[in-house]
There are 2 protein chains.
Amino acid sequence: MLSKKTKYAIKALVALGKNVQNPPMQIVRLAEQEMIPRKFLEQILLDLRNAGYLYSKKGAGGGYSLNKDAKDIYLVDILRITDGPIAMVPCASLKFYRKCDECHDEVTCGIRKTFIEVRDATLKVLTQTSIADVIAKESNGILMD
Amino acid sequence: MLSKKTKYAIKALVALGKNVQNPPMQIVRLAEQEMIPRKFLEQILLDLRNAGYLYSKKGAGGGYSLNKDAKDIYLVDILRITDGPIAMVPCASLKFYRKCDECHDEVTCGIRKTFIEVRDATLKVLTQTSIADVIAKESNGILMD
DNA sequence: TAATAGACTACTATTTCCATAGACTTTATT
DNA sequence: AATAAAGTCTATGGAAATAGTAGTCTATTA
């Protein structure tokens, strides 16, 4: 299951993606609009900012805005920031590899091989879906391939 | 991430799948062989048995064996027993649907639509992979399609 | 009838997640 | 210069999920 952190992150990015024409959006406004606990959202935006996806400005008239085009922000990258590995077992993770406690011989492990397939199937979707795509899916059912 | 419960379940099923020629296997032996805490394994086997995947026999000479052919036990079913939903958001789950707390309008939710795609990609692998397939993958890299 | 082995329920410990608090820094405005 | 607005950063607390343990009960075999 996705953590709330990740859901909030995606919702925030979507909201900021829709806000590109306007001046930066303050945490408080974003929190109210998206019904996200303010202080929790604060931390999440921080992470996204430190990873380079958001631009922030302090002081009066400050706030948050996207630091990249919404079509260049892919869900896979967001999930990795907020939830960590995409794979369902650590030994099948590309970016967060860890040996499984339970595993004797990883090379011949059938579970691992299976969940590498699952990982690849998941990655195929997540590496192809940007924040712009998520926004596009909201209004109508038409996909732009 | 898969829970340990699920990993243990798969390992147990794989071990029992390799044991079909022999008399039923006792929990204690299975626990030792697969390095799974005995009492925890006991609960897991119970669940799998109550779901119809295992046959058990009490008393001396008793133990556990598969109640179906290993090629008819699919990972998707095991995961649903031990971990619940396959989808990463409850509103995208086929068997464990729940409304998302955060969601206003589910019908137009772009996040939901995306994670339905992820779910389908994951299901495609998990509904096609049986315990027999996992065993087959162990020994060599050859897949029988 | 004693020993073996699973069935079932209750409980405890550990970890992860979610959220809140508060003090600090930067920027704009007056 | 002072004040207010707004983000930065670290620490901490509580709740829920996960992992594991204990003990009693029931069935089967020898």
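The structure presented is a predicted model; accordingly, all values stated were derived computationally and were not measured. A, B, ... follow the sequence lines: proteins, then strands. Residue 1 opens every chain.
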Intermediate values then yes/no, salt bridge (Lys or Arg N to Asp or Glu O under 4.0 Å), A:K39 and A:E42: CA-CA 5 Å; A:K39 295 295 279 182; A:E42 220 169 73; 3.1 Å; yes
Can you tell which of [options] lies closest to the side chain of [X]?
X     : options                : result
B:K57 : C:dA19, D:dT28, D:dT8  : D:dT28
A:R49 : C:dA5, D:dG20, D:dC9   : D:dC9
B:S56 : D:dT8, D:dA19, C:dG6   : C:dG6
A:K39 : C:dG22, C:dC18, D:dT29 : C:dG22

Validation row, ring centre B:F40 to ring centre B:Y8 under 6.0 Å: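 Ring centres of B:Y8 and B:F40 closer than 6.0 Å.
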Rounded distance (Å) that lies between atom [atom2] of [N] and atom [atom1] of [X]:
X     : N      : atom1 : atom2 : value
A:L2  : C:dC18 : CG    : C1'   : 15 Å
A:E42 : C:dC18 : CD    : P     : 17 Å
A:K58 : C:dT29 : NZ    : P     : 17 Å
A:D83 : C:dC17 : CG    : P     : 7 Å
B:I36 : D:dG20 : CD1   : C1'   : 13 Å
A:L30 : D:dG7  : CG    : C1'   : 13 Å
A:I44 : C:dC18 : CD1   : C1'   : 9 Å
A:Y8  : C:dT20 : OH    : P     : 9 Å

Closest-nucleotide ordering on DNA chain D, the 5'-leading residue of A:L45 and A:A60: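 The answer here is A:A60.
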Pairwise 5' ranking along DNA chain C for A:G61 and A:K5, keeping only the more 5' one: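 Final value for this comparison: A:K5.
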Heavy-atom side-chain proximity of B:P85 to A:M1 below 4.5 angstrom: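 Yes; the side chains approach each other to less than 4.5 Å.
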Close side-chain approach of A:Y55 and A:L66, heavy atoms under 4.5 Å: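 With C-beta onward as the side chain, the pair stays apart.
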Residue pair A:D47 / A:N50, side-chain donor-acceptor N/O under 3.5 Å: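 Note: A:D47 and A:N50 side chains miss the donor-acceptor criterion.
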Donor/acceptor link under 3.5 angstrom from A:Q43 side chain onto base of C:dT20: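 Looking at the base of C:dT20, it does pair with a donor or acceptor on the side chain of A:Q43 (distance under 3.5 Å).
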